[in-house]
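Worksheet for the structure shown next.
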Protein chains: 2
Amino acid sequence: MPREARYRAIARELGRRIDSGDLPPGSRLPTEEALAEQYGVHRLTARQAMVELRTSGLVETRHGSGSYVRPLQRKLEVTVDPVTRLHRPGVIDELAVHFASGEEFRSAGLRQDPGAARRLGLPDPEVYEVATLLRTDEVPCVASRYALPPRLSDFAYDPAEGVLGALGRLGYDYRYRSHTVSADIAGPVDQEVLQVEPGAAVLVREGLLVCDGEPLCHVVRRCRGDLVALTTRYE
Amino acid sequence: MPREARYRAIARELGRRIDSGDLPPGSRLPTEEALAEQYGVHRLTARQAMVELRTSGLVETRHGSGSYVRPLQRKLEVTVDPVTRLHRPGVIDELAVHFASGEEFRSAGLRQDPGAARRLGLPDPEVYEVATLLRTDEVPCVASRYALPPRLSDFAYDPAEGVLGALGRLGYDYRYRSHTVSADIAGPVDQEVLQVEPGAAVLVREGLLVCDGEPLCHVVRRCRGDLVALTTRYE
DNA sequence: AAGTGGTCTAGACCACTCC
DNA sequence: GAGTGGTCTAGACCACTTC
């Protein structure tokens with residue numbers, strides 16, 4: 001029976017103090033130096049405990065300043081309408097304002113994407129891909145990737161209306177055939193686009209839009225897990 | 001402009017080799033010792049690179065054996081029926097078999113839970129809480145927590161039918177009023193119940209069941225992010 | 001300038017796996 | 001028993017924040 005590592009014990013102790021409210025959200029933890037002295041260990045061992053707490057999402061560290069108990073962040077609830085089956089900002093009033101700026105355009109072009117092409121029922125792996133980003137208060141929040149059949153590659157996109165809005169304007173009467181949600185760890189691309197740390201949680205929502213029974217668009221949205229929740233309300 | 005840390009550069013290089021297929025899923029990475037020698041750094045620096053890859057979910061490490069590229073794990077797709085609005089195992093055939101064993105009982109009793117009580121429209125913060133666990137191949141997979149009004153505290157629970165099945169048998173004609181999905185980092189409780197590492201992704205699905213317009217049950221399901229995806233299909 | 005976290009080297013011993 | 005990852009100490013210097 002291996003005894004518990006020192007750094008784990010320290011992390012557990014600090015975690016307990018956070019849970020109990022002894023260290024309230026936003027408060028500063030002892031410095032690594034202070035912890036090292038207090039527990040009689042080397043600074044690196046104390047530091048390891050902080051890494052543990054950071055990885056568990058309990059604490060955030062600011063270089064040169066200190067480590068702080070993470071404030072309980074109220075997540076933005078983005079409603080997903082079960083009838084029209086479209087994303088709609090709402091619920092929290094400010095949200096409508098925040099998302100009103102529309103989808104920021106990131107890139108578009110023909111790409112090889114066998115998975116999306118298969119879902120779209122295409123014979124070749126090539127799709128027309130549009131990548132966009134939604135921000136709230138300037139913070140990257142939801143990264144979307146739309147895959148369309150190559151024949152739509154002259155697709156005109158206006159950020160104000162969004163990709164799906166543009167498809168509607170072009171006369172496509174689409175709806176969702178299916179949705180899948182899952183939770184991922186932020187990969188290198190997420191880290192860059194959503195500006196999160198390695199190890200952050202990402203909420204992934206994937207859907208297939210159909211129009212007259214024909215697949216029209218495959219959408220993948222990767223949302224910052226600490227900022228976004230998706231809500232469906234049934235009437 | 002601070003130059004990139006050595007360990008980050010090493011992690012990036014290895015990540016690139018994994019993405020390119022040079023290091024295929026399941027293959028073993030060089031040992032920490034070998035990496036240290038190869039890049040001319042101390043073993044701890046090479047180790048730090050491995051920590052980075054592990055945190056990003058690209059690699060898993062087995063003590064005494066080595067670090068391996070994580071196999072692309074096909075997630076269990078649990079379907080969520082938009083009509084009955086109930087969870088149904090399916091899609092992948094084996095799933096029905098795996099979940100057929102029912103919900104393993106974990107605990108039940110009166111608890112203080114102001115959040116759930118508020119959603120249930122109760123005057124007091126007390127609710128009757130039932131905690132269960134679903135396993136697939138013995139692996140903990142979905143941890144559920146049902147909150148009911150205290151008047152239902154004599155609620156009889158049979159694992160084979162599940163909590164919602166039992167409510168149906170008792171004559172409650174319930175349906176979901178709303179659902180929220182989000183992504184979290186595994187906290188201490190998740191680590192224990194779902195048996196995951198600190199830092200693992202957890203898919204959270206929260207819903208409110210109503211019966212004749214009255215709130216009946218508040219459900220929170222915490223699913224292992226690396227194993228579970230929730231799918232809704234519209235006909 | 002002082003305080004604090006970030007990176008790195010050097011070296012040691014332990015715990016687990018695999019043969 | 002050899003190989004490999006896990007933990008820990010000791011000490012150093014750098015980068016960022018705060019005053």
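Computed from a predicted structure; not experimentally measured. Heavy atoms only: backbone and side chains are in, while hydrogens, waters and symmetry mates are out. Below, chain A is the first sequence line, B the second, and so on; all start at residue 1.
A heavy atom lying under 4.0 Å from DNA chain C marks the following residues of residues 33-49 of chain B, by number: B:G40, B:V41, B:H42, B:R43, B:L44, B:T45. Heavy-atom distances under 4.0 Å link DNA chain D to A:H63, A:G64, A:S65 of residues 60-68 of chain A, given in residue order. Contacts with DNA chain C (heavy atom under 4.0 Å) in residues 25-32 of chain A: A:R28, A:T31, A:E32, listed by number.
Among residues at least two apart or in separate chains, side-chain hydrogen bond (donor to acceptor under 3.5 Å, both in side chains) pairs with a member in residues 17-26 of chain B are B:R17-B:D22.
Ionic pairing of B:D113 and B:R119 is not present here: no N-O contact between side-chain nitrogen and carboxylate oxygen is shorter than 4.0 angstrom.
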Could you tabulate the donor-acceptor pairs under 3.5 Å formed by side-chain atoms of residues 61-70 of chain B, not counting sequence neighbours?
| residue | atom | partner | partner atom | Å |
| --- | --- | --- | --- | --- |
| B:T61 | OG1 | B:R54 | NH1 | 2.8 |
| B:T61 | OG1 | B:S67 | OG | 2.8 |
| B:R62 | NH1 | B:E60 | OE2 | 3.4 |
| B:S65 | OG | B:Y68 | OH | 2.6 |

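Heavy-atom contacts from other residues, nucleotides or ligands closer than 6.0 Å to CD of B:E13 number more than 12.
A sub-4.0 Å separation between OP1 or OP2 of C:dT7 and a side-chain N or O of B:Y7 is present.
Here A:R106 contributes atom CZ and A:E129 contributes atom CD; the two are 9.0 Å apart, rounded to the nearest 0.5 Å. Expressed to the nearest 0.5 Å, how far CZ of B:R222 lies from CG of B:D184 amounts to 5.0 Å. Rounding to the nearest 0.5 Å gives a distance of 5.5 Å between CD of A:Q112 and CD of A:E126.
A:R118 meets the salt bridge (Lys or Arg N to Asp or Glu O under 4.0 Å) test with no other residue; sequence neighbours excluded.
Looking at A:R6, its side chain does come within 3.5 Å of a backbone N or O of A:Y39 through a donor-acceptor pair.
Residues B:S144 and B:Y146 approach most closely at CB-CE1, 3.7 Å, considering heavy atoms.
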